[in-house]
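Just so it is clear, the structure is predicted and the values come from calculations on it, not from any experiment. Chain identifiers are assigned alphabetically (A, B, ...) following the order of the sequence lines, protein sequences preceding nucleic acid strands; residue numbering begins at 1 within each chain.
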There are 4 protein chains.
Amino acid sequence: MTGPASSPATSAGTRAERRREQVRREILEAAFECFAEQGYHHTGIADIAARLGMGHGTFYRYFANKRDIVDHVITDVIDRILQALSAENAAGAAATLADYEAQSERIGRALARILGEDPRLARLLLFDAPAVDDALRERVLDFLETAVTLTGGYLSHGIAAGYLRADLDVEATARGINGMILGTVIAAQRDPAAASQERMSRAVRRLMYDGIAARG
Amino acid sequence: MTGPASSPATSAGTRAERRREQVRREILEAAFECFAEQGYHHTGIADIAARLGMGHGTFYRYFANKRDIVDHVITDVIDRILQALSAENAAGAAATLADYEAQSERIGRALARILGEDPRLARLLLFDAPAVDDALRERVLDFLETAVTLTGGYLSHGIAAGYLRADLDVEATARGINGMILGTVIAAQRDPAAASQERMSRAVRRLMYDGIAARG
Amino acid sequence: MTGPASSPATSAGTRAERRREQVRREILEAAFECFAEQGYHHTGIADIAARLGMGHGTFYRYFANKRDIVDHVITDVIDRILQALSAENAAGAAATLADYEAQSERIGRALARILGEDPRLARLLLFDAPAVDDALRERVLDFLETAVTLTGGYLSHGIAAGYLRADLDVEATARGINGMILGTVIAAQRDPAAASQERMSRAVRRLMYDGIAARG
Amino acid sequence: MTGPASSPATSAGTRAERRREQVRREILEAAFECFAEQGYHHTGIADIAARLGMGHGTFYRYFANKRDIVDHVITDVIDRILQALSAENAAGAAATLADYEAQSERIGRALARILGEDPRLARLLLFDAPAVDDALRERVLDFLETAVTLTGGYLSHGIAAGYLRADLDVEATARGINGMILGTVIAAQRDPAAASQERMSRAVRRLMYDGIAARG
DNA sequence: CATGAATGAGCCTTCATTCAT
DNA sequence: TATGAATGAAGGCTCATTCAT
């Protein structure tokens, strides 16, 4: 229910191939749960197999090794987040500031839904994956960078459309905005109350549009 | 009588005690380096000892076990950051918005100095420590929460002093601001160029005071 | 269908279960030998595994740890001795002094057989197990106490049947008798010659029935 | 108070030598206590030194190594027991059965005093020393054999004097008698109540002189 | 294809012993 | 002579991975 589940094409191929694909996804799901709940290093292959009631030797028929599966799990997590984002994006659709605000709101909600619904997602991505090894840490950083690029794209579009300040340092501002989202996500690790997401969303919007200074 | 009076008493106590304290710090430092470079789980006690050219048994004369030292290392990292913050704080000293901006600027610089100077600090704190175990992840979250409280204190003071909007959601806003700092710190993992810090600082300030919207 | 029906079902269960039980017993046996020959503390898990030509990791598939197996080994030793005793017991069957003597004789022979046959049994139980830790020493003392209780039972029966002195201090006398057996067993550590057992048996019988004093 | 303390010649030699000898004895005493309370293998050199408040390096100025001191401790224990025995022996003094009984009684009391007073003595000798290594186990067996020889000497004397049965198997009977003493000593490990010693003494005497059979 | 028994590299930790001070 | 810091051999235990069934 809450684990990773992407690739819409569940079909394709022989019945055996479909079966194989299904087992793969089950293992992926179980691995996600183990990693997210106990951490990568505290999870044994046997734990993953046990969760599915299968022999742990079977695991190696579907994934090369432990490192391999964590890679796939993280890929899935990232994909799910990116999908949540792109589902509500409509790239450069916002034509006015109001549009932009509404779009930001939708994106925020989508993120809140997916990440708030299952705090293990963020925990795994932010707190476990980077510690696995250099390569995986880089992948997480890449993802964050991608998110910055995405946000930057929206900002650039807004500037072109004239409803955002022309003198914005797009990249730096995008980093700032994404940082606020990151802060929200991390805060949700402690207090996953959805309400908090509402508050955060409002506060961030106020900050971005009104500034924090008192009107002189 | 007891030898030439040299070494300007780095700490108190006997010569032996000072020596002991120095070795302790060396081990702490070596452990920090190992953890930061290879990660906690890929670091063996032997690695730490080898880095100092000492027998690994010696390690256990100074620290109870591997878990013990990572705790001390993280404590040190957090302390260093908090000191960098408190050095420039002057709690509620800012009387005007200009003061506040200046103070924020100083704090930002201090952070940039300590974290930008040695990117391993942030890497260890954010990307390695949380994966060690639940307790350490909680400590890191505690630290972030402390930072939010600190920022919130500044905001509250600013509201009381009248130079910040009275209707700010202090906690949520503080989370947003700290998130931007976090985004900056994480960005520095990739590009530690000090210049980037400058840019980020400016962009964040613009965002906070002017908003991102074009002036209508 | 599932292979030729051979191996006359040493125990119940699947073939795998029988195999597992067999390996368990082999490890138990190897451990017994190692402990008895080199002592508990001088025996490494690797020694036990090496004796069976298996990887030492395999050991841990069958026993939780070193302490666990020594417990099982001692349990086995105690069980073997108790079985030797109970095989010849017939609880309170002896109706006359002659019966009683004959029964004692049989019990003595059974003990001599099992303990004399393999002096390592006694060595392990008396000279190694008590040094493992407090709990195991208590188990050995418990066993000796059980033996005293057993002997006491025979004495009580003999008193009730009228062929033993009514004024015997049952418990104390049982301790004395068991002590003599213990002395015999320990003597066998040095000279395992079966003849010695005969001599001891006779001497003890003489002592118990005739006393050591010259007939005045 | 309760530890090993032999060699009557506390004097002899320089003052420095006497001092040295005193420290040696203190270490021996502390080692006895540690070994008896925690067992040989659970005792570290550091424990012994700590008990005396001295540096553990100092230990090696008085004893070659851990194995060396346990040897001395056991030697001391054995010496103390043998002294307790020889103090009351008067070799072949008993001229009548009554004399012999009285002498046995005295010896029993002496043993009860020294072993009952400090159960750690027996525990160390019987339950720890034999597990140290082959050599020490042999020494303990040697001691038991010596005790048998001693008892055998008394029996031989009694036979020669005519108050003991001429047809006794001296050695075997001596083993039996010593076994009863051993049983008593081991029983005292559980219930060190001195009264029990009285009971045991009486029961053993009854057994040896009257036999256990009812008088027909 | 599924299984789980076997494997051994690897790592933490202890502690007897040495030796410079 | 006393000290305790340093050392590293030794050993218990885990777990990812392989492979025969």
_I'd like to know if the side chain of R120(B) reaches the main chain of A36(B), judged simply by a donor and an acceptor atom lying under 3.5 Å from each other, with no hydrogens or angles considered._
no
*Rounded to the nearest angstrom, tell me the gap between atom CG in L52(A) and atom C1' in dT3(E).*
14 Å
*Should D133(A) and R139(A) count as an ion pair when the cut-off is N to O under 4.0 Å?*
no
*5′-ward residue of the pair A64(C)/G57(B) relative to DNA chain F*: G57(B)
*Using atom CE of M54(C) as one end and atom C1' of dT18(F) as the other, report the distance to the nearest whole Å.*
18 Å
Distances under 3.5 Å between protein N/O atoms and the N/O atoms of nucleotides 10-12 of chain E, please, pair by pair.
unit_1	atom_1	unit_2	atom_2	d
dC12(E)	OP1	T43(B)	O	3.4
dC12(E)	OP1	K66(B)	NZ	3.0
dC12(E)	OP2	I45(B)	N	3.1

*Would you say a side-chain N or O of R19(C) is under 4.0 Å from OP1 or OP2 of dA6(E)?*
yes
_Which residue is it: D71(D), V77(D), V73(D), I78(D)? I am looking for the one with a side chain to side chain contact (heavy atoms under 4.5 Å, CB included) to T75(D)._
D71(D)
*asked:* Could you spell out the base pairing of DNA chain E as a dot-bracket line? Use Watson-Crick and G-U wobble contacts where both distances are under 3.5 Å, [ ] for crossing pairs, | for partners on a different strand.
replied: .||||||||||||||||||||
_Students often get this wrong, so: under 4.0 angstrom with heavy atoms, is Y62(C) touching a base, only sugar-phosphate, or nothing?_
sugar-phosphate
*Measure the distance from CZ on R61(D) to P on dA20(E) and round it to the nearest whole Å.*
13 Å
*Does the distance from a Lys or Arg side-chain N to an Asp or Glu carboxylate O, for D142(D) and R137(D), drop under 4.0 Å?*
no
*Ion pair present between E26(B) and R51(B), side-chain N to carboxylate O less than 4.0 angstrom?*
no
_In whole Å, I'd like the distance from the CZ atom of F59(A) to the C1' atom of dT17(F)._
10 Å
*Stepwise, does the side-chain hydrogen bond (donor to acceptor under 3.5 Å, both in side chains) test hold for D68(C) with H72(C)?*
CA-CA 7 Å; D68(C) 182 32; H72(C) 281 92; 3.2 Å; yes
*Answer yes or no: does atom CZ of R20(A) have more than 12 heavy-atom neighbours from other residues, nucleotides or ligands under 6.0 Å?*
yes
*If you pin R67(D) and V23(A) to their nearest nucleotides in DNA chain E, which one's is more 5'?*
V23(A)
*Take the protein atom CZ of R20(B) and the nucleotide atom C1' of dA6(F), then report the distance between them rounded to whole Å.*
12 Å
*asked:* From CG of D47(D) over to C1' of dT14(E), roughly how many Å is that when rounded to an integer?
replied: 12 Å
_Rounded interatomic separation in angstrom, taking CD1 from I69(A) and P from dT17(F)_ = 11 Å
_Nucleotide dT17(E), atom P - distance to CZ of F63(D) in whole Å_ = 14 Å
_Any donor-acceptor pair under 3.5 Å from E17(D) side chain to T14(D) backbone_ = yes
*Think K66(D) forms a cation-pi with Y60(D), using NZ or CZ under 6.0 Å from the six-ring centre and within 45 degrees of its axis?*
no
